2 protein chains.
Amino acid sequence: MNVEKEKLEKAAFILKTIAHPTRLAVIAQLQDKEELSVNELMEITGCEQSLLSHHLINMKTKGLLKVRKEGTSAYYSLKEINLGSVLTCIEKCNCHM
Amino acid sequence: MNVEKEKLEKAAFILKTIAHPTRLAVIAQLQDKEELSVNELMEITGCEQSLLSHHLINMKTKGLLKVRKEGTSAYYSLKEINLGSVLTCIEKCNCHM
DNA sequence: ACATTACTTGGCTATTTGTCCAAATTATAG
DNA sequence: CTATAATTTGGACAAATAGCCAAGTAATGT
């Protein structure tokens, strides 16, 4: 029962972390592009730089992304996770609200 | 592109709605119990009544649950959606933070 | 009619989240 | 050394969320 509760909390934590259009967009992109710089993600998502940086760092500190720094650039990628499947699930849910 | 954006917003909306331990617990239960009263959900989740009611009504107004009232009881159930799959996805993600 | 059970409502407060903006860092190019 | 490009940081503020509590409604049993 307590294990169950812990599981739910962990799941909720992850869901909360990804539950934002910009962050979902980032995840979706990283799912097939492997790794992208902040600049590239800026262009793709249309999100302002510092705000995007906040999102990325947030996802990184929560364990969903990792960074590789090269020159002046920071390349973000998914941390070994298949998070895209969550997006697919949601799509399949076909919840029409 | 705009369609894509709309999709992401919708997905984020749903994820935000379910991203809470109690709410996930409710969804998980309703996935196999079909429908449960507020009282039953209270016992299962250990959540206080009025708070649980808030959660349930919230999920209902956002289109994830539906209610059937019978006597003094309210029976909640999933609104035609396979939301449980999201939980399974998250579990499979195996994100260790 | 009255009490009880089951649920909802609304107000209040604390906390978290999202966004913006200006300043700071850091690496490279000239 | 200076300028520029790329990213991070931190403050400030509004809005959303979570939780608690007290009061309200509504159906049923006595």
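Within every chain, numbering begins at 1; the chains are lettered A, B, ... in the order of the sequence lines, protein sequences first and strands thereafter. Everything numeric here is computed off the predicted structure, so don't read it as measured data.
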Over all heavy atoms of both residues, which pair between A/Ala19 and B/Leu15 is shortest? Give the atoms and the distance, please.
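Nearest heavy atoms, A/Ala19 then B/Leu15: CB-CB, 3.6 Å.
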Can you tell me if [X] uses its side chain to pair, donor with acceptor, with the backbone of [Y] under 3.5 Å?
X	Y	result
A/Thr17	A/Phe13	yes
B/Glu40	B/Ser37	yes
A/Arg23	A/His55	no

Within the 4.0 Å heavy-atom criterion, would you say B/Lys16 contacts the bases, only the backbone, or no part of the nucleic acid?
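Touches sugar-phosphate only.
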So B/Tyr76, base contact, sugar-phosphate only, or nothing? Heavy-atom distance under 4.0 Å.
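The residue B/Tyr76 makes sugar-phosphate contact but no base contact.
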Please determine whether a side-chain nitrogen or oxygen atom of A/His55 lies at a distance below 4.0 Å from atom OP1 or OP2 of C/dT17.
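Indeed not, no polar side-chain atom of A/His55 lies that close.
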Can a side chain N or O of B/Asn39 be found less than 4.0 Å away from OP1 or OP2 on C/dC7?
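For C/dC7, OP1/OP2 do have a side-chain N/O of B/Asn39 under 4.0 Å.
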Close side-chain approach of A/Glu34 and A/Leu78, heavy atoms under 4.5 Å
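Side-chain contact under 4.5 Å: no.
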Between B/Glu9 and B/Lys7, is there a salt bridge with N-O shorter than 4.0 Å?
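Between B/Glu9 and B/Lys7 there is no salt bridge, as every charged N stays at least 4.0 Å from the carboxylate O atoms.
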Charged N to carboxylate O below 4.0 Å: is that the case for A/Glu70 and A/Arg68?
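The answer is yes: the pair qualifies as a salt bridge.
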Starting at atom [atom1] of [X], determine the distance to atom [atom2] of [N], rounded to an integer number of angstrom.
X	N	atom1	atom2	answer
B/Glu40	C/dT5	CD	C1'	14 Å
B/Asn58	C/dT8	CG	C1'	14 Å
B/Glu9	C/dG18	CD	C1'	14 Å
B/Met59	D/dT17	CE	C1'	14 Å
B/Tyr75	C/dA6	OH	P	9 Å
B/Leu56	C/dC7	CG	P	10 Å
B/Arg68	C/dC7	CZ	C1'	15 Å
B/Lys69	D/dT25	NZ	C1'	10 Å

Give every pair of a protein N or O atom and an N or O atom of nucleotides 9-14 of chain D that lie under 3.5 Å apart, one pair per line with the distance.
from: D/dG10; atom 1: O6; to: A/His54; atom 2: NE2; distance (Å): 2.9

Checking side chain to side chain contact (heavy atoms under 4.5 Å, CB included) against A/Tyr76, which of A/Leu36, A/Leu52, A/Leu56 comes through?
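Option passing the side chain to side chain contact (heavy atoms under 4.5 Å, CB included) with A/Tyr76: A/Leu56.
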For B/Ser37 and A/His20, take the nucleotide of DNA chain C holding the closest heavy atom to each; which residue's nucleotide lies nearer the 5' end?
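It is B/Ser37, whose closest nucleotide lies nearer the 5' terminus.
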Residue mapping more 5' on DNA chain C - nearest nucleotide basis, A/Thr22 or B/Val67
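The residue closer to the strand's 5' end, by nearest nucleotide, is B/Val67.
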Would you indicate which nucleotide in D/dT8, C/dC20, C/dT8 comes nearest to any side-chain atom of B/Gln49?
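Looking only at side-chain atoms, B/Gln49 lies closest to C/dT8.
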Under the side-chain contact (heavy atoms from CB on, under 4.5 Å) criterion, do A/Gln31 and A/Ile27 qualify, and how do the steps go?
CA-CA 6 Å; A/Gln31 201 72 22; A/Ile27 289 167; 4.2 Å; yes
Could you go through A/Leu65 and A/Lys79, starting from their C-alpha distance and side-chain angles, then the distance that decides it, and tell me whether this counts as side-chain contact (heavy atoms from CB on, under 4.5 Å)?
CA-CA 5 Å; A/Leu65 300 183; A/Lys79 194 173 171 185; 5.7 Å; no
Quick test: give all pairs of protein nitrogen or oxygen and nucleotides 28-30 of chain D nitrogen or oxygen below 3.5 Å, distance rounded to 0.1 Å.
none

